[in-house]
Amino acid sequence: MKIKDTLSNLEHTIDISNKVRIYLCGVTVYDDSHIGHARTIIVFDVLRRYLESQGAEIQLVQNFTDIDDKIIHRANAEDKTAAQVSTTYIENYFRDFDNLHVKRATDYPKATQHIDDIIMFIDKLIKQEIAYTSENGVYFSVSKFPEYGKLSKKRIDQLESGARIRVDEKKKDPLDFAVWKITDEKPTWASPWGRGRPGWHIECSAMSTKYLGDDFDIHGGGRDLIFPHHENEIAQSESCTRVRFAKTWMHVGMVTINGEKMAKSTGNVKSVRHVLDDWGPNIIRLFCLAGHYSKPIDYSEELLLENLTKWRQVETCHYELINADGAESEKNDTLAKLAREFDQALDDDFNTHLALSSFFQLVKETNRLAADEKLGKENSQAIKTELQRMLDILGLVVLEISDKQRQEIDKLVSDRTQSRQEKRFKDADKIRDELYDMNVQLVDHKGKTIWMLKEPIRADR
RNA sequence: GGUACUCUGGCAGAACGGUUAUGCGUGAGCCUGCAAAGCUUAUACAAGGGGGUUCGACUCCCUCGGGUACCUCCA
């Protein structure tokens, strides 16, 4: 598989013969996650599922930033401790992302549980004179890392002209950034330089190295992290270890609303919980995978609605396959071709849009065979296997049905069929309405009626 | 101001130096007791503007313009 690396702008081949080590910058837990977070995390979830389907072993590490100014502010505002705030939003994170069918990462390290590692890391930087102490903290000296700016393609002199210099900070250079902040504001931890807390970027340097080694395969996150976060991580890690930090950098485009970045400051945030209530996990996942991961994607009801239509087709396909008993169509190689195209699309810089187009072609083709009464048992078994493989990679899940529900529905459906045969159409339609209210869609074929249990989507009218 | 990305049909959105992308939508039809769902078929012949390279460019180069992001916390 090839991924376009942000740093070199070249396509890198991901070696899956050894364990693939991935570090994903997760969220700062001071509030509920929004759909922008969801996109990044879903992209990496599908990436991971795809690589696993190709036989790769994956180690996916995703951090929680559980100490920072915003968390402290929220804690103060709500008269809680920072730990209470972060714990709450970590719980909410798992609630939301489990509901989105995101597979759990291998590890979810937290900054506050790696203070020792962070201190050791800073200590190394100081010993090498790459970081220096001042009265209010420890700073990384950007001038000691000549390659600073290589990820974000910025030049130090250009940055300096635009840099904001805070009066209260005792930096040698305005570009220097804090790796340790000395402060009395709780919570604080003891360090050789005084009580305080770590800077933001240092946790990812310390934790990624600890969990994945000095040099790992993929480092990812949202595009907005390229500068300064990932730039600073590179500076810290490469200064410290003297080896290349991550082999491949992969950045996910922003979710926008009316073309503007979704952000707390502009108030155009759609929380995962809220969107999940209206649309459910499958439609959100389809929406997040609709464009190339590196490009922005605009959130709109219209686009979600389009994906609802598509999802209904997938559900139809699923039930047509279950009920397949038509004449066997002659063998053709469409199935193998679409499966191959699906994989090729993902192989080529993770082109989920193209992969989805193969996926939907398979769905359409199957529904067409069903409509022509040409979907036989043997054929449908092969399609079912392939369709399920794709669904698993995409993390899409058709609504499960219990035996009790099934019996209940079967009963009503056969009552309706009886009524129709006796031309008691009013009775038949009454049952149909009843089923409709149970989210059961009837599909009247020529000789038989099949039904499907649709995922209830609140936004569906 | 600097840097990066981006500009494709009503909408979403790819690939590719020469082939219908695909999907949604829309029109018509099939099926049906009527619907729904599904299917069939038609429809977009598109490439921000202007130059250039080429036998041929949406695809490469130049230029002008629009948009977004980052340059401060940010997925």
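In the text below, chain A, chain B and the rest are named by the order of the sequence lines, each starting its count at 1.
For A:Ile218 and B:A75, the CD1 to P distance is 20 Å, given to the nearest whole Å. Going from atom CG of A:Leu225 over to atom P of B:A75 covers 6 Å, rounded to whole Å. The CZ-P distance, from A:Arg312 to B:G25, rounds to 14 Å in whole Å. Distance, A:His201 NE2 to B:C70 C1': 14 Å, rounded to whole Å. Atom CD1 of A:Ile431 is separated from atom P of B:A36 by 20 Å (rounded to the nearest Å). Summarising the geometry, the separation between CG on A:Leu289 and C1' on B:G13 is reported as 14 Å, rounded to the nearest angstrom. The NE2 atom of A:His230 sits 14 Å away from the C1' atom of B:C73 (whole-angstrom rounding). If you measure from atom CG of A:Leu304 to atom P of B:G25, you get 15 Å, rounded to the nearest angstrom.
Ring centroids of A:Tyr50 and A:Phe350 are separated by 6.0 Å or more, keeping the two rings apart. Remark: aromatic rings of A:Phe64 and A:Phe94 are close, center separation under 6.0 Å. Here A:Tyr211 and A:His114 bring their ring centres to under 6.0 angstrom of each other.
Among the heavy atoms of the strands, none lies under 4.0 Å from A:Met452. Within the 4.0 angstrom heavy-atom criterion, no nucleotide atom of any strand lies near A:Ser358. Residue A:Gln313 is classed as a sugar-phosphate contact, given heavy-atom separations below 4.0 Å to backbone atoms only. Within 4.0 Å (heavy atoms only), A:Arg39 reaches no atom of the nucleic acid at all. The residue A:Gly36 sits close to a base: some heavy atom pair falls under 4.0 Å. A:Asp444 comes within 4.0 angstrom of a base, heavy atoms only. Backbone-only engagement by A:Leu303 is indicated by non-hydrogen atom pairs under 4.0 Å involving sugar-phosphate atoms exclusively. Contact annotation for A:Phe425: base contact, defined as any heavy-atom pair under 4.0 Å involving a base atom. Residue contacts for A:Val27: at a heavy-atom cut-off of 4.0 Å it reaches the sugar-phosphate backbone alone, with no base atom in range. Counting any heavy atom pair closer than 4.0 Å across all strands shown, A:Gly253 reaches a base atom. If you check every strand for non-hydrogen atoms under 4.0 Å, A:His229 touches nothing.
In this structure, A:Arg39 forms no cation-pi arrangement with A:Phe287, as its terminal cationic atom is not both closer than 6.0 Å to the ring centre and no more than 45° off the ring axis.
In the set B:A75, B:A37, B:C39, the nucleotide with an atom closest to the side chain of A:Asp224 is B:A75. Closest to the A:Glu302 side chain, of the nucleotides B:G33, B:C39, B:C11, is B:C11. Of all nucleotides listed (B:A14, B:C34, B:G38), B:A14 comes nearest to the side chain of A:His353. Closest to the side chain of A:Gln441, out of B:U22, B:A36, B:C70, is B:A36. Side chain of A:Lys154, nearest nucleotide from B:C71, B:G33, B:A21: B:C71. The A:Cys25 side chain lies nearest to B:A75 when the options are B:A75, B:C71, B:C73. Closest approach to the A:Met254 side chain among B:A75, B:A37, B:G38 is made by B:A75 (side chain taken as heavy atoms from C-beta onward). Among the nucleotides B:A4, B:C73, B:C24, the one closest to any side-chain atom of A:Glu306 is B:C24. When the nucleotides B:U68, B:G38, B:A35 are ranked by their closest atom to the side chain of A:Glu260, B:U68 comes out on top. Here the side chain of A:Thr316 is nearest to one of B:A37, B:C39, B:U22, namely B:A37.
A 3.5 Å limit on both hydrogen-bonding distances identifies no Watson-Crick or G-U partner for B:U32. B:A57 makes up no base pair with any nucleotide shown, lacking Watson-Crick or G-U wobble contacts both under 3.5 Å. With a cut-off of 3.5 Å on both Watson-Crick or G-U wobble distances, the partner of B:A69 is given as B:U3. Nucleotide B:G25: paired with B:U43 (Watson-Crick or G-U wobble, both distances less than 3.5 Å). Nucleotide B:C16 forms no Watson-Crick or G-U wobble pair with any nucleotide shown, as no partner meets the under 3.5 Å limit on both distances.
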Let me see the working for A:Arg312 and A:Glu315 under salt bridge (Lys or Arg N to Asp or Glu O under 4.0 Å), right down to the final yes or no.
CA-CA 5 Å; A:Arg312 294 304 189 208; A:Glu315 289 182 316; 2.9 Å; yes
Between A:Lys144 and A:Asp173, is the salt bridge (Lys or Arg N to Asp or Glu O under 4.0 Å) condition met? List the steps.
CA-CA 11 Å; A:Lys144 297 283 173 63; A:Asp173 184 311; over 6 Å; no
Salt bridge (Lys or Arg N to Asp or Glu O under 4.0 Å), that's the test. Do A:Arg197 and A:Asp69 meet it? Break it down for me.
CA-CA 10 Å; A:Arg197 63 172 188 268; A:Asp69 288 350; 2.3 Å; yes
Check against salt bridge (Lys or Arg N to Asp or Glu O under 4.0 Å), A:Asp429 and A:Arg432:
CA-CA 5 Å; A:Asp429 290 352; A:Arg432 185 168 68 192; 3.5 Å; yes
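Considering only side-chain N and O atoms, A:Lys295 lies under 4.0 angstrom from the phosphate OP1 or OP2 of B:A14. For the OP1/OP2 pair of B:G33 and a distance below 4.0 Å, the side-chain nitrogens and oxygens of A:Gln421 include no atom meeting the criterion. The shortest distance between the side-chain N/O atoms of A:Lys426 and the OP1/OP2 oxygens of B:G33 is not below 4.0 Å. Put simply, A:Thr28 has a side-chain N or O that comes within less than 4.0 Å of OP1 or OP2 on B:A75.
Judged purely by atom type and a 3.5 angstrom limit, A:Asp217 uses its side chain to pair as donor or acceptor with the backbone of A:Arg21.
Where A:His445 and A:Asn9 meet RNA chain B, the nucleotide closest to each residue was compared, and A:Asn9 sits on the side nearer the 5' end. With the nearest nucleotide of RNA chain B identified for both A:Lys153 and A:Leu354, A:Lys153 has the one nearer the 5' end.
When A:Leu286, A:Leu308, A:Asp460, A:Asn307 are each tested for a side-chain contact (heavy atoms from CB on, under 4.5 Å) with A:Trp279, only one passes: A:Leu308.
Within residues 272-279 of chain A, no residue places a heavy atom under 4.0 Å from RNA chain B.
Between the side chain of A:Lys310 and the base of B:C24, no donor-acceptor pair of N or O atoms lies under 3.5 Å. Within 3.5 Å, no donor on the side chain of A:Asp429 pairs with an acceptor on the base of B:A35, nor the reverse. One donor-acceptor pair, N or O on each side, does fall under 3.5 Å between the base of B:A35 and the side chain of A:Arg432.
No donor-acceptor contact under 3.5 angstrom links the side chains of A:Thr334 and A:Glu365, judged on distance only.
Rounded to whole Å, the P atom of B:G66 lies 30 Å from the corresponding atom of B:C16. Using C1' as the reference atom, B:G13 and B:C7 are 13 Å apart when rounded to the nearest Å.
The side chain to side chain donor-acceptor pair (under 3.5 Å) search around A:Ser134 returns A:Asn136, not counting sequence neighbours.
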